Amino acid sequence: MTVESSAARKPRRSAAGKAGTTGSKTGTTAGTTGATGTKRTTRTTRSTAKKSTDPELVQLLTPEGKRVQNAEYDAYVAGITPDELRGLYRDMVLTRRFDAEATALQRQGELGLWASLLGQEAAQIGSGRATREDDYVFPTYREHGVAWCRGVDPTNLLGMFRGVNNGGWDPNGNNFHLYTIVIGSQTLHATGYAMGVAKDGADSAVIAYFGDGASSQGDVAESFTFAAVYNAPVVFFCQNNQWAISEPTERQTRVPLYQRAQGYGFPGVRVDGNDVLACLAVTKWALERARNGEGPTLVEAFTYRMGAHTTSDDPTRYRGDEERLAWEAKDPILRLRRYLEASDHADEGFFAELEAESETLGKRVREAVRAMPDPDHFAIFENVYADGHALVDEERAQFAAYQASFADEGGH
């Protein structure tokens with residue numbers, strides 16, 4: 001069974017304007033087809049009275065690398081230079097190389113777990129490069145490309161997955177929060193932070209990343225409610241990669257995810273998540289709305305998770321190869337490369353130099369991971385209570401005795 005939507009098979013160029021009105025053109029998708037274009041079963045025949053239409057999809061670069069015009073969003077990338085285009089391509093290539101190295105390190109036993117972003121580079125790099133230095137980012141655990149854009153050293157992302165620290169970077173140093181494992185909770189953090197930004201009168205915005213699976217969480221619904229009521233300067237950036245582990249999007253929602261924003265009273269827009277230019281433009285627009293006091297926006301980046309949910313997952317158990325092959329044809333990196341080559345913005349020397357740089361990055365990541373010191377075994381007992389606690393002291397002593405039981409007679 002394929003979950004590729006009709007919008008993905010036949011991308012439309014959106015002239016929807018400010019995405020708050022995009023849903024009005026699509027009507028409802030609770031008719032004969034679901035959010036993914038799959039025919040409804042008899043259990044949902046009551047919803048077949050209305051005919052659905054394809055959701056609007058903002059796209060500036062086709063999978064073949066051809067530039068298409070968009071009256072609403074072209075202005076946000078109108079001044080982009082060839083050097084900046086090459087920079088976006090470099091970001092995506094190096095992020096993918098880092099991600100591949102981390103996956104290999106996990107398979108070699110150097111990391112306990114890894115959540116790959118393979119296939120989602122355009123959504124992350126495009127949106128990440130749209131942020132300003134004074135904006136604040138709340139990620140999940142897969143935003144390696146956004147971390148790259150915010151200046152977080154990629155090796156710092158690996159400490160948590162190796163089990164040597166709880167994060168590895170100072171969130172305030174890059175305005176990039178620590179990775180959040182609890183599904184959806186970061187949207188609450190982002191909304192609260194954005195409400196504080198508004199009260200402070202600051203000219204900055206907040207962006208929260210989450211997946212299609214997290215959109216089913218109550219935390220996300222509560223975040224939407226508070227953000228709308230308090231007009232918080234926050235962008236909710238949902239990377240719809242089609243699968244919440246093994247659960248397809250069609251089993252999570254009866255309408256396209258971006259249309260959910262209408263019920264809360266703020267704009268929603270669906271963007272081609274494999275188009276780095278479109279992601280850059282739409283996110284710039286949404287962040288600008290937030291900074292101008294126009295409140296929250298929901299951006300649904302329609303993309304695909306090319307690999308496993310994490311390295312503990314086996315996607316072959318719930319999806320077919322033909323689905324992946326269909327999405328490989330929309331590869332975000334290949335798409336931009338075709339555009340660069342067709343526009344004479346990059347030559348073979350550039351691509352060869354970048355390939356060498358990516359190999360250097362891979363080597364640095366390998367060496368950094370293997371050189372990470374073991375964590376302090378007793379750090380888990382610190383900062384539990386501000387003033388200490390007798391039960392924690394007792395548990396610490398028990399653990400110390402357990403650790404000592406492994407020592408040989410020589411004390412090693």
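As the structure is a prediction and not an experimental result, all values here were calculated from the model.
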Applying ring-ring contact (aromatic ring centres under 6.0 Å, His included) to F98 and W148, what does each step give before you reach the verdict?
CA-CA 10 Å; F98 161 71; W148 174 272; 8.0 Å; no
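- Using modelled atom types, one finds a donor on one side chain and an acceptor on the other under 3.5 Å when comparing Y318 with D313.
- In summary, the side chains of N274 and T303 do present a donor paired with an acceptor at a separation below 3.5 Å, with no hydrogens or angles considered.
- Note that CG of L298 and CZ of F237 are 10.0 Å apart. Values are rounded to the nearest 0.5 Å.
- The main-chain N or O of L61 is found under 3.5 Å from a side-chain atom of D275 such that the two form a donor-acceptor pair.
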With side chain to side chain donor-acceptor pair (under 3.5 Å) as the criterion, how do D153 and T155 come out once you've worked through the C-alpha distance, each side chain's angles and the decisive distance to 0.1 Å?
CA-CA 5 Å; D153 190 307; T155 61; 2.7 Å; yes
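- Although no hydrogens or angles enter the test, the distance criterion places no donor-acceptor pair under 3.5 Å between the side chain of E121 and the main chain of M92.
- Under the 3.5 Å distance criterion, with hydrogens and angles disregarded, a donor-acceptor pair is assigned to the side chains of R142 and H309.
- More than 12 non-hydrogen atoms from other residues, nucleotides or ligands lie less than 6.0 angstrom from CG of D376.
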Is there a side chain to side chain donor-acceptor pair (under 3.5 Å) between S246 and R317? Walk through the geometry before answering.
CA-CA 8 Å; S246 59; R317 299 183 64 181; over 6 Å; no
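- Geometrically, R260 does not engage F224 in a cation-pi contact, judged by NZ or CZ lying under 6.0 Å from the ring centre and within 45° of the ring axis.
- Of the possible polar contacts, one joining the S127 side chain to the Q124 backbone as a donor-acceptor pair under 3.5 Å is found.
- Not a single salt bridge (charged side-chain N to carboxylate O under 4.0 Å, His left out) links E367 to another residue, sequence neighbours left out.
- Side chains of Q403 and H377: a donor on one and an acceptor on the other come within 3.5 Å.
- Test Y209, W169, Y141, W114 against Y179 for ring pair (Phe, Tyr, Trp, His ring centres under 6.0 Å) and you get one pass: W169.
- Using modelled atom types and a 3.5 Å distance limit, the side chains of R370 and Q108 yield a donor-acceptor pair.
- The residues R162 and E110 are annotated as salt-bridged, a charged nitrogen and a carboxylate oxygen being separated by less than 4.0 angstrom.
- In this structure, CZ in R366 is found 12.5 Å from CG in L158, a value given to the nearest 0.5 Å.
- Look at D99 and R96 and you find no salt bridge, because none of the NZ, NE, NH1 or NH2 atoms lies under 4.0 Å from a carboxylate O.
- In the displayed structure, N166 atom CG is contacted under 6.0 Å by at most 12 heavy atoms of other residues, nucleotides or ligands.
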